[in-house]
Amino acid sequence: MAPASSMIKESHPSGSSSDPVSLPRLALSLYTVRSLARAAGFTEAGIVGLPYPEVARDAERFKEFIAQGRAGSMTYLARRNEQEELVRSRIDLPFPWARSVIVCLASYHADAPLSTAPARPGAGWIARYAWSSRKDQAGETRPSDYHKVLLKRLRALESEMKSVFGEFESRAYVDTGPIVERAAARAAGLGWTGKNTCLIHPKLGSWNFLSVLVTSLELPVEQAALTVPDRCGSCRRCLDACPTQALIEPYKMDATRCISYLTIEHRGAIDEHLLAGMGRQVFGCDICQDVCPWNRKAPIGLADPDLAAREELINPDLAWLAELEESDFERLFNGSPVRRAGFLGLRRNIAIAMGNSGLTRFLPWLERWAETQPHSEIPVPSAPDDIPNAPAQAALQQAARWALGRISN
């Protein structure tokens, strides 16, 4: 197959087409970038020149988010440079050479039930984005990590762009760079920031991974992105549906109350006043996206073979998850986003979901976890502080005891 760059038409001065040395380089354009990104496997793409018009506003919003403590224990978000500036507040702080940012979307919308739809008693919920899988060379289904899948595509895009535009400095990131991706995506014309703080594409909704390629390429003024106006209107479905009131007002989230943060990023015990609201979520949460009208319109037929949904992770039985030992956890989730929660972190979340189910059949697991015992693979220490996983073990114990009380009541 010919490289994607060969599909991009160039206009050459008369008589120069036979001499590759004299071919002029294409000017950076949305059309070219979008074509190359789609050829690399992305669903959609946009580009924005730097600095973009709303950069100061976005920087202030991020500073406020950090200053008010809404990032919780995600201390990496508050990293500062030598001038004490928040590195993530502006793209030009970590990358002073940057002149443009390409943002790529990859849809993970699957033809599967929503977390808000009726489910069998005792079913848990794993966030939609974490269902991803792929087929290996033997045809076996394996967990796939969207970070690796999409970074590979970004590298392919980067390579094709260099064949079209010449050498340039660049950095590629999938949820790992000092960039607020959704702010860049909005500036690149890929949608608007919804009241649930997710990027909403007018056709694809919000079920999309975001990837960014920061470049030193100048974007001509006439290629500036046309931003998409806010189309949330008077809708409040996401704010009203959030069971822990993490959406403190339209367009503002307190991550310390967000179920996704609590079940994935937060280590240790969870405030008891939030536990009942966590429902059956054991990894992440989709509620504010499930209720969004724009996701009802999003196309489902965009199957991505590297991000295919794993059937066993859709409405998984809590008893099945509870029976997993650490070796099972590693086998099932090695290469999966779920691994980020950690074995004991996932068990803590399972205990909370069991308590919220109200089902007495879960009592044996909860009673076992509620006992004061170190992790099975860690020797009994002389003091609790000597246990490497002591905070996670204590959090599991606290969750199990809370769940026992909730079922008993």
Side-chain angles (χ1 to χ4, degrees), residues 3-12 20-42 44-59 62 76 79-83 85-106 147 150-190 199 209-227:
S5 55
S6 67
M7 298 184 289
I8 306 300
K9 302 293 184 181
E10 296 192 45
S11 59
H12 308 294
V21 177
S22 66
L23 295 181
R25 292 292 183 184
L26 282 177
L28 193 61
S29 70
L30 172 59
Y31 172 79
T32 308
V33 166
R34 187 169 178 266
S35 298
L36 294 175
R38 289 170 67 89
F42 291 103
E44 189 54 276
I47 185 170
V48 61
L50 298 176
Y52 58 87
E54 299 85 6
V55 65
R57 182 204 64 184
D58 289 347
F62 183 76
Y76 58 90
R79 185 164 66 89
R80 297 175 182 271
N81 59 19
E82 294 179 355
Q83 289 72 43
E85 300 167 302
L86 286 168
V87 173
R88 279 176 164 79
S89 62
R90 294 175 59 110
I91 298 174
D92 61 346
L93 293 181
F95 311 112
W97 47 263
R99 297 296 178 267
S100 61
V101 177
I102 295 164
V103 185
C104 300
L105 268 61
H147 299 89
L150 300 182
L151 184 59
K152 184 177 180 180
R153 295 179 188 180
L154 276 181
R155 295 299 187 199
L157 170 61
E158 180 184 46
S159 177
E160 289 296 319
M161 285 184 62
K162 287 185 177 181
S163 71
V164 173
F165 302 113
E167 286 299 316
F168 57 87
E169 191 164 358
S170 60
R171 299 290 186 277
Y173 297 107
V174 183
D175 276 356
T176 56
I179 299 170
V180 181
E181 292 92 347
R182 70 172 181 273
R186 186 209 57 76
L190 289 172
L199 179 84
F209 293 118
L210 298 178
S211 309
V212 296
L213 184 65
V214 183
T215 88
S216 60
L217 294 171
E218 294 277 359
L219 183 68
V221 175
E222 63 272 16
Q223 290 292 328
L226 295 176
T227 56

Subject >> Minimum heavy-atom distance between Ala37 and Leu157, given as atom pair plus value >> reply: N-CD1, 3.7 Å

**OP:** Could you go through the side-chain contact (heavy atoms from CB on, under 4.5 Å) check for Arg90 and Val55 one step at a time?
**Re:** CA-CA 7 Å; Arg90 294 175 59 110; Val55 65; 4.1 Å; yes

Subject >> Residue list, side chain to side chain donor-acceptor pair (under 3.5 Å) with Arg182, at least two apart or on another chain >> reply: none

**OP:** Could you list the residues that satisfy side chain to side chain donor-acceptor pair (under 3.5 Å) with Arg186, not counting sequence neighbours?
**Re:** Glu54

**OP:** Could you check Val103 against Ile47 for side-chain contact (heavy atoms from CB on, under 4.5 Å), going step by step and ending with a plain yes or no?
**Re:** CA-CA 6 Å; Val103 185; Ile47 185 170; over 6 Å; no

**OP:** Report the C-alpha distance between Thr215 and Ser100 in whole Å, list the side-chain angles of each, state the deciding distance to 0.1 Å, and finish with yes or no for side-chain hydrogen bond (donor to acceptor under 3.5 Å, both in side chains).
**Re:** CA-CA 5 Å; Thr215 88; Ser100 61; 2.6 Å; yes

Subject >> Glu158 CD to Leu36 CG distance, which is reported to the nearest 0.5 Å >> reply: 12.5 Å

Subject >> Distance in Å, Met161 CE paired with Ser170 OG, rounded so as to fall on 0.5 Å steps >> reply: 8.0 Å

**OP:** Dump the intermediate steps for side-chain hydrogen bond (donor to acceptor under 3.5 Å, both in side chains) on Ser29 and Gln223, then the final yes or no.
**Re:** CA-CA 6 Å; Ser29 70; Gln223 290 292 328; 4.8 Å; no

Subject >> Closest non-hydrogen atom pair between Pro178 and Val87, with its separation >> reply: CB-CG1, 3.7 Å

Subject >> Under 3.5 Å: donor-acceptor pair, side chain of Thr32, backbone of Leu28 >> reply: no

Subject >> Flag side-chain contact, heavy atom, 4.5 Å: Leu210 against Leu105 >> reply: yes

**OP:** Kindly give the heavy-atom pair with the smallest separation between Glu181 and Thr176, and that separation in Å.
**Re:** OE2-N, 4.3 Å

**OP:** Can you measure from CG (Leu217) to CZ (Arg99) and round to the nearest 0.5 angstrom?
**Re:** 11.0 Å

Original post:
Between Leu154 and Ala172, what is the shortest heavy-atom contact and its length?
Top reply: CD1-CB, 3.9 Å

**OP:** Check whether any side-chain N or O of Arg171 sits under 3.5 Å from a backbone N or O of Val214 as a donor-acceptor pair, and report yes or no.
**Re:** no

Original post:
Val101 and Ala184: which non-hydrogen atoms are nearest, and at how many Å?
Top reply: CG1-CB, 4.4 Å

Subject >> Heavy-atom side-chain proximity of Arg155 to Leu151 below 4.5 angstrom >> reply: yes

Subject >> Value rounded to 0.5 Å, distance of CZ in Phe42 from OG in Ser211 >> reply: 4.5 Å

**OP:** Given side-chain contact (heavy atoms from CB on, under 4.5 Å), test Val174 with Phe209 step by step and report yes or no.
**Re:** CA-CA 8 Å; Val174 183; Phe209 293 118; 5.8 Å; no

**OP:** Any chance you could measure Leu213, atom CG, to Cys104, atom SG, to the nearest 0.5 Å?
**Re:** 7.0 Å

Subject >> Candidate list Val48, Thr227, Leu199, test side-chain contact (heavy atoms from CB on, under 4.5 Å), partner Leu190, passing option >> reply: Leu199

**OP:** Give a yes or no on whether the backbone of Leu86 and the side-chain of Ser89 come within a donor-acceptor separation of less than 3.5 Å.
**Re:** yes

**OP:** State, with a plain yes or no, whether a side-chain heavy atom of Leu93 is found less than 4.5 Å away from one of Arg88.
**Re:** no

Original post:
Would you call Glu82 and Arg80 a salt bridge, taking side-chain N to carboxylate O under 4.0 Å as the test?
Top reply: no

Subject >> Main-chain N/O of Glu85 paired to Asn81 side chain as donor or acceptor, under 3.5 Å >> reply: yes

Subject >> Nearest heavy atoms of Phe165 and Ala27, plus distance in Å >> reply: CE2-O, 3.6 Å

Original post:
Hey, mind stepping through Phe95 and Glu169 against side-chain contact (heavy atoms from CB on, under 4.5 Å) and telling me if it holds?
Top reply: CA-CA 10 Å; Phe95 311 112; Glu169 191 164 358; over 6 Å; no

**OP:** Could you grab the distance from atom CG of Asp58 to atom OH of Tyr52, nearest 0.5 Å is fine?
**Re:** 3.5 Å

Original post:
With Asp175, which residues qualify under salt bridge (charged side-chain N to carboxylate O under 4.0 Å, His left out), at least two apart?
Top reply: none

